[in-house]
Asker: 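Below is a structure I'd like to ask you about.
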Amino acid sequence: MPRVAKIDIAQETETAHGWSYRLSLTLDDDTETHHTLELAWVDYEYWSGGDKPPSLVAERLLEAAFEIDPDLALPRTTDASTLRRQITDLDQAVLTRL
């Protein structure tokens with residue numbers, strides 16, 4: 001199964017509850033997939049305390065998720081809270097990266 005080689009956050013949009021990110025994942029077989037990640041204020045505050053740019057938090061979240069679960073099949077649209085519930089130890093991994 002191909003693994004994520006690169007995460008590229010292309011667009012950040014502020015929403016009523018946080019941010020929405022359009023991103024692409026380049027896999028180690030050179031294929032590319034496109035996704036939307038929602039980052040709610042509450043998740044952002046939990047991980048960064050407001051000290052880091054939201055886009056950095058989103059990027060570190062994805063890096064940590066794929067580090068813990070290299071075979072993670074990221075849906076086309078997902079949100080940070082879903083990833084937090086699905087991936088054991090994700091919170092600590094994100095905090096460590098920030």
Side-chain angles (χ1 to χ4, degrees):
M1 176 173 219
R3 304 282 171 97
V4 172
K6 182 180 173 193
I7 300 166
D8 181 33
I9 296 181
Q11 179 183 3
E12 175 184 271
T13 304
E14 201 163 325
T15 68
H17 303 287
W19 299 268
S20 177
Y21 295 94
R22 293 283 307 136
L23 61 104
S24 62
L25 302 176
T26 303
L27 307 180
D28 58 8
D29 66 358
D30 289 328
T31 59
E32 190 173 272
T33 61
H34 300 277
H35 306 268
T36 300
L37 172 68
E38 303 289 332
L39 176 63
W41 289 99
V42 66
D43 297 312
Y44 168 74
E45 287 294 328
Y46 176 79
W47 286 317
S48 76
D51 289 342
K52 307 283 190 239
S55 60
L56 178 65
V57 175
E59 187 173 357
R60 297 298 182 258
L61 163 64
L62 293 169
E63 290 172 353
F66 286 112
E67 180 179 302
I68 293 169
D69 184 358
D71 296 322
L72 175 66
L74 192 69
R76 294 288 179 204
T77 301
T78 193
D79 59 77
S81 64
T82 299
L83 293 174
R84 289 180 77 185
R85 289 189 304 274
Q86 290 177 338
I87 302 172
T88 304
D89 299 326
L90 182 61
D91 284 336
Q92 187 57 48
V94 173
L95 290 168
T96 298
R97 288 177 167 276
L98 290 171

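Please read these numbers as outputs of a predicted model, since none were measured by experiment.
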Asker: Do Trp41 and Leu95 sit in one hydrophobic cluster, given that two such residues count as connected whenever their side-chain heavy atoms are within less than 4.5 Å of each other, even indirectly?
Answerer: yes
Asker: What do the steps show when you test Asp71 against Arg3 for salt bridge (charged side-chain N to carboxylate O under 4.0 Å, His left out), and what is the final call?
Answerer: CA-CA 7 Å; Asp71 296 322; Arg3 304 282 171 97; 3.0 Å; yes
Asker: Go through Arg84 and Ser81 one step at a time and tell me if the side chain to side chain donor-acceptor pair (under 3.5 Å) criterion holds.
Answerer: CA-CA 5 Å; Arg84 289 180 77 185; Ser81 64; over 6 Å; no
Asker: To check you understand the geometry: which heavy-atom pair defines the closest contact between Glu45 and Gly50, and what is its length?
Answerer: OE1-N, 3.6 Å
Asker: Quick check on the hydrophobic clustering: are Ile87 and Val42 connected, directly or via other members, by side-chain heavy-atom contacts under 4.5 Å?
Answerer: no
Asker: Which heavy atom in Leu23 sits nearest to a heavy atom in Leu25, and how many Å separate them?
Answerer: CD1-CD2, 3.8 Å
Asker: Just verifying a value: how many Å separate Glu12 CD and Ser20 OG, rounded to the nearest 0.5 Å?
Answerer: 9.5 Å
Asker: Is there a donor-acceptor pair closer than 3.5 Å between any side-chain N or O of Ser48 and the backbone N or O of Tyr44?
Answerer: yes
Asker: Donor-acceptor pair, Asp89 side chain versus Gln92 backbone, under 3.5 Å?
Answerer: no
Asker: Using a 4.5 Å cut-off on heavy atoms from C-beta on, say whether the side chain of Leu74 contacts that of Thr33.
Answerer: no
Asker: Output yes when a side-chain donor or acceptor of Arg76 lies under 3.5 Å from a complementary backbone atom of Thr36, and no otherwise.
Answerer: no
Asker: Can you find a heavy atom in the side chain of Thr26 that is under 4.5 Å from one in the side chain of Val4?
Answerer: no
Asker: Got a donor-acceptor contact below 3.5 angstrom from the Arg22 side chain to the His35 backbone?
Answerer: yes
Asker: Which heavy atom of Asp28 sits nearest to which heavy atom of Pro2, and what is that distance?
Answerer: OD1-CA, 3.4 Å
Asker: Of all the heavy-atom pairs spanning Asp43 and Ala80, show the shortest one and how long it is.
Answerer: OD2-CB, 3.7 Å
Asker: Can you tell me how far CG of Leu39 sits from OH of Tyr21, rounded to the nearest 0.5 angstrom?
Answerer: 5.5 Å
Asker: Name each donor-acceptor pair under 3.5 Å that joins a side chain in residues 55-68 to protein atoms two or more places apart or in another chain, with its distance.
Answerer:
unit_1 : atom_1 : unit_2 : atom_2 : d
Arg60  : NH1    : Glu63  : OE1    : 3.4
Arg60  : NH1    : Glu63  : OE2    : 3.3
Glu63  : OE1    : Arg97  : NH1    : 3.0
Glu67  : OE1    : Arg97  : NH2    : 2.3

Asker: Is the backbone N or O of Ser24 less than 3.5 Å from a side-chain atom of Asp8, with the two atoms forming a donor-acceptor pair by type?
Answerer: no
Asker: Looking at CG of Asp29 and CG of Leu27, how far apart are the two atoms once the value is rounded to the nearest 0.5 Å?
Answerer: 5.5 Å
